[in-house]
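Below is one structure, written out as structure tokens; comments come after it.
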2 protein chains.
Amino acid sequence: MYEQFFKHFTEKVSLSEQEMEYVKGLLKPKKLRRKQYLLQEGDVCREIGFVEKGALRAYSVDEGGTERIIQFALEGWLIADLYSFLTAEAATYSIDAIEDAELLLISRSAHEELLRNLPQYETYTRLSITNAYIAMQRRITSIISTTPEDRYADFIAKYPQIAQRVPQHMIASYIGLTPETLSRVRKRMAGK
Amino acid sequence: MYEQFFKHFTEKVSLSEQEMEYVKGLLKPKKLRRKQYLLQEGDVCREIGFVEKGALRAYSVDEGGTERIIQFALEGWLIADLYSFLTAEAATYSIDAIEDAELLLISRSAHEELLRNLPQYETYTRLSITNAYIAMQRRITSIISTTPEDRYADFIAKYPQIAQRVPQHMIASYIGLTPETLSRVRKRMAGK
DNA sequence: AAAAAGTATTGATTTGGATCAAGGGAACGA
DNA sequence: TCGTTCCCTTGATCCAAATCAATACTTTTT
């Protein structure tokens, strides 16, 4: 249940056995069925989710009812509406499970306690968010720079695992295309 | 020369006088003329720039020669090609000054030394990047969700200072439009 | 003070992706 | 296992933004 978490954690910083036990005590396991919400837009995001197993997505819904996916999360990833989590304001994103999932939840109080008591946790979160930031910067470049073909190719190259596990129309949403366009893009690309 | 830096720093974490002096010793002031590069694509990004004065941009250039601006930085902002800075690989972005600028540079060795010796520095960088991450998430939502009108309105609402100091065609690039389209968008919006 | 470079606007035209619409097939749930 | 929902594809049409192009104005540079 905690393998993924400590695998990723100790890749970034080291932890003693006691420290691991201490951290474990602050994590709350949670299972989610496919389609079940971890967070709904408008609610306050009260915890960060670490994905032990399964797949989730964060998305917003525009006026027309179209879902815009802003993040996927597979095993080893963190997912939350960070702004809502940090400010306790209403979330602008919803998060739900694309597959049945097992999560470890870090509540706000646990987060603060860990930041206070365990320097490695601050380093872990700093490095995690730095990576997420860099990935997001590239994503913006990809979105504003390139053709649909390139965007899709970038996505496949970067996240082959996601491409295999997630419905195509969600990938379309993530890279800013309609499902129809993505379908045609794939057809065009297959021809080469 | 250091006012902005310590103003922003101490908004996030507290620093004693000695600590401030210590930090000062690790910062390298640098002046940049308009159009001058801080970093060129292909070079390794060797320092993070903190903007004391002036305005800069980070951008990439696509095959067609079109510049795609991925970040602006005014007084109080940090700017770098973080990926290149952290990995020492070739930068994918160029950074230059839009106006004459005064910077404080944090070299890699300074950065590492500060992380090692000054816990507040880690907190400062963690909070800075968290804010940057959240802003970027919203930017993605804005880019993939909305009409050009909304995107421009979002930009103006969020960065009125930038809108006043930066040429319009750079804003167009930042929000993913051609200069012509932005010009027409503005015209349409003025009519309301 | 003149020349050059940079900036914004407007018009005409093209085009690529969105939209609207329909069908077939697979996966899921009762 | 049957019915419903979900998912992907394909076709036809439309439209908004890109592109191409010309001009005027402003700011820098020399």
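Lettering of chains follows the sequences in order, A, B, ..., and the numbering in each one begins at 1. Excluded from the calculations below are hydrogen atoms, water molecules and symmetry mates; all remaining heavy atoms, backbone and side chain alike, are included.
The phosphate of C:dA18 (OP1 or OP2) has a side-chain N or O of A:T178 nearer than 4.0 angstrom. Applying the 4.0 Å criterion to OP1 and OP2 of C:dT9, one finds that B:K187 has every side-chain N and O outside that range. Put simply, B:R188 has a side-chain N or O that comes within less than 4.0 Å of OP1 or OP2 on D:dA17. The phosphate of C:dT9 (OP1 or OP2) has a side-chain N or O of B:S183 nearer than 4.0 angstrom. In this structure, A:H169 does not reach the D:dC6 phosphate: none of its side-chain N or O atoms is under 4.0 Å from OP1 or OP2. Applying the 4.0 Å criterion to OP1 and OP2 of C:dA5, one finds that B:K35 has every side-chain N and O outside that range. OP1 or OP2 of D:dT9 sits under 4.0 Å from a side-chain N or O of A:Q168.
Residue B:R33 places its CZ atom among 12 or fewer non-hydrogen atoms of other residues, nucleotides or ligands, all under 6.0 Å distant. Atom CD of A:E17 sits in a sparse spot, with 12 or fewer heavy atoms from other residues, nucleotides or ligands closer than 6.0 Å. Counting heavy atoms of neighbouring residues, nucleotides and ligands inside a 6.0 Å radius, atom CZ of A:R46 does not exceed 12 of them.
In this structure, B:R57 fails the cation-pi test against B:Y174, since its NZ or CZ atom is not both closer than 6.0 Å to the six-membered ring centre and inside 45 degrees of the ring normal.
If you measure from atom CD1 of A:I98 to atom C1' of C:dC28, you get 17 Å, rounded to the nearest angstrom. Between A:L182 atom CG and C:dT19 atom P there is a gap of 15 Å when expressed in whole angstrom units. Here the P atom of nucleotide C:dT7 and the CD atom of B:E99 are 12 Å apart, to the nearest Å. Rounded to whole angstrom, the span from the CD1 atom of A:I175 across to the P atom of C:dA18 amounts to 10 Å. Summarising the geometry, the separation between CZ on A:R33 and P on C:dC28 is reported as 13 Å, rounded to the nearest angstrom. Following rounding to the nearest Å, B:R186 (CZ) and C:dA8 (P) show an atom-to-atom distance of 8 Å. Note: CD1 (A:I171) to P (D:dC6) measures 18 Å, nearest angstrom. To the nearest angstrom, P of C:dG17 lies 17 Å from CD1 of B:I143.
Nucleotides D:dC14 and C:dG23 have their C1' atoms positioned 22 Å apart, rounded to a whole Å.
A side-chain donor-acceptor contact under 3.5 Å links A:T123 and B:E122.
Where B:R34 and A:L177 each meet DNA chain C at their nearest nucleotide, the meeting point lying more 5' is that of B:R34. Of the two residues near DNA chain C, A:E180 and A:T147, the one whose nearest nucleotide lies more 5' is A:T147.
Residue A:P148 is classed as a sugar-phosphate contact, given heavy-atom separations below 4.0 Å to backbone atoms only.
Side-chain N/O atoms of A:R184 and base N/O atoms of C:dG16 include no donor-acceptor pair closer than 3.5 Å.
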